[in-house]
Amino acid sequence: MICVTVMIAAFTSAASGQEPAMSLIPQPAHIRAQEGVFALTADTVIVTTGNTRDIGQYLAELLEPATGFKLDVTESAPHNRQGGYILLADTSGKHYLGCEGYDIKVMKNCIFINAPTTTGVFYACQTLRQLLPPEIEGNRKVENVSWTIPQLEIEDKPRFQWRGSLLDCCRHFMTVDFVKRYIDLLAYHKMNRLHWHLTEDQGWRIEIRKYPKLTEIGAWRLGGVGYLPAPDDPAQANAARYGGYYTQDDIREIVRYAESRCVMVVPEIEMPGHCQAALAAYPQLSCTGGPFKVRTARGISKDVYCAGKEQTFEFLENVLSEVIELFPSPYIHIGGDECPKDRWKQCPDCQARIKAENLEDEHQLQSYFIKRIEKFLLGKGRRLIGWDEILEGGLAPSATVQSWRGVEGAVSAAKSGHDAIVSPTSHCYFDYPHSDREKNSLSMPNWMRVLPVEKVYSFEPVPEGLTAQQKRHILGGEGNIWTEFAPQQEVESRVYPRMTALAEVLWSPQNKRNWQDFAERLNVHYQRFDNMGVNYYRDKVQ
Ligand code: TNX
């Protein structure tokens with residue numbers, strides 16, 4: 001009987017023509033393959049040391065559904081256990097692996113995982129997961145699979161510290177469970193930042209106790225249930241009420257969950273533009289006084305926070321104070337992008353501010369706005385991130401710039417000694433179509449250029465023309481999913497497999513990048529996705 005099982009397993013893996021066991025994404029920095037395998041059985045024990053108990057438990061839970069094994073998690077090395085053991089250790093002696101690196105040694109009867117931090121141990125577990133057959137990802141017991149891991153040694157650490165994804169929960173609201181799954185998939189790819197876009201023209205999604213109308217009014221719009229219509233499209237008039245928001249308890253739950261997956265949640269509270277939903281709730285924060293509706297159409301609203309009135313700053317500081325309480329992230333993203341200056345030009349309060357502060361124009365007024373908010377954040381011990389528009393009119397002293405209109409923003413930031421996150425539309429906008437076919441079938445507008453996975457894979461986050469010192473300011477990159485064209489049920493198929501490619505770009509050594517090799521590993525990765533039920537995009541007519 002045992003013989004038959006082994007033969008079936010061997011046949012299955014040969015038939016797929018792949019070596020799934022070595023198909024790792026992102027590719028580790030160093031692998032040394034060896035002969036033989038470690039066989040995971042119901043008798044295998046997970047041994048934890050130091051602070052690794054929670055991760056040991058997590059690993060046991062991960063392995064249980066497909067194998068049916070309820071592995072013991074203990075703190076002492078077992079004697080004569082038939083099934084061998086997996087030892088998780090966070091050891092301070094491995095400084096050279098950095099704060100996220102790890103090493104794995106797989107031998108016949110045991111697996112040693114070592115890392116200087118629990119984060120490293122967590123990433124080792126993600127690698128271990130991918131060293132098992134793809135069936136490990138199923139949520140039901142699978143028979144006739146031999147759960148083996150090839151004997152090998154891996155030493156691994158990331159190329160970049162900032163491996164992020166923006167998730168826009170404003171253009172479309174997403175449930176807490178969905179956001180958790182999104183985090184799980186990021187963590188699976190060793191991505192470590194969730195840039196959570198929480199406020200927009202089309203919806204305010206975070207409960208602020210001091211300003212209840214933000215969510216009573218600002219979280220709901222009339223229409224825009226599916227793809228957001230163009231501004232001149234009258235189709236949505238009298239449409240149904242649509243929206244939702246996260247309570248402060250929801251937010252705490254998500255932040256805690258993300259922490260357990262080594263993901264830092266960086267909230268984005270947009271200002272001075274992209275705030276029509278807030279103005280619908282509190283029109284006195286605008287230049288004209290309103291009234292406003294939560295925006296239904298896509299595109300950019302001309303109505304923005306008034307930069308002249310003191311109450312705008314009082315409001316934003318109160319909002320940010322609650323945000324800071326909820327998010328332990330050292331960074332707060334304040335947007336800063338696409339802020340039309342039309343209203344400021346006509347507004348007596350804004351013009352008075354320009355005069356009083358000796359500013360040249362409305363661009364400098366925006367810069368005044370951002371610098372003032374930065375000062376507030378720094379006083380609370382937090383650092384500001386803003387889109388590359390915050391460079392216009394003078395950059396706030398310690399701001400980090402997120403470059404989206406190409407990489408020029410990152411170049412100027414790094415040249416002036418500021419940190420930068422790189423996410424150009426050309427390579428990192430996962431709301432754009434995967435292919436012409438998709439673009440046409442979904443009737444996406446022309447400015448959404450086609451972005452195939454191969455192009456994402458060719459992304460180089462460090463722009464040319466920087467000195468070694470300046471290059472150190474490039475923290476990493478982000479793959480962004482804006483959701484004008486992606487309600488929750490379409491988010492995964494926009495994001496994957498492009499995020500998979502970006503994960504390798506941001507984690508693996510640059511000299512290991514090889515599209516052909518990646519494409520082969522991606523085929524095995526698809527089998528893992530199939531088992532996880534990930535709704536990834538695959539162009540069947542390639
Ligand atoms: C630009 S990227 C925006 C978003 C849109 C996105 C659509 C950025 C800072 N602003 O508001 O959703 O394009 O691709």
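Just follow the structure's listing: the first ligand is 1, and inside any ligand the first atom is 1. Counting begins at 1 with the first residue of the sequence. As the structure is a computational prediction, the values presented were derived from the model and not from experiment.
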Notebook entry, point to check: What do the steps show when you test L316 against I334 for side-chain contact (heavy atoms from CB on, under 4.5 Å), and what is the final call?
Noted result: CA-CA 10 Å; L316 287 171; I334 54 76; over 6 Å; no
Ligand 1 polar-atom proximity to protein (N/O, under 3.5 Å):
residue	atom	partner	partner atom	Å
ligand 1	10 (N)	D337	OD2	2.9
ligand 1	10 (N)	E338	OE1	3.4
ligand 1	11 (O)	R171	NH2	3.1
ligand 1	12 (O)	R171	NH1	2.8
ligand 1	12 (O)	E484	OE1	3.2
ligand 1	12 (O)	E484	OE2	2.7
ligand 1	14 (O)	D431	OD2	2.6

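In this structure, a donor-acceptor pair under 3.5 Å is absent between the side chains of R383 and S398.
By the 4.5 Å heavy-atom criterion applied to side chains, R159 and V462 are counted as neighbours.
The pair D303-R343 counts as a salt bridge, with a side-chain nitrogen and a carboxylate oxygen less than 4.0 angstrom apart. Salt bridge annotation for K180-D184: absent, with no cationic side-chain nitrogen under 4.0 angstrom from a carboxylate oxygen.
Qualifying side chain to side chain donor-acceptor pair (under 3.5 Å) partners for S508, counting only residues two or more places apart in sequence or in other chains: none.
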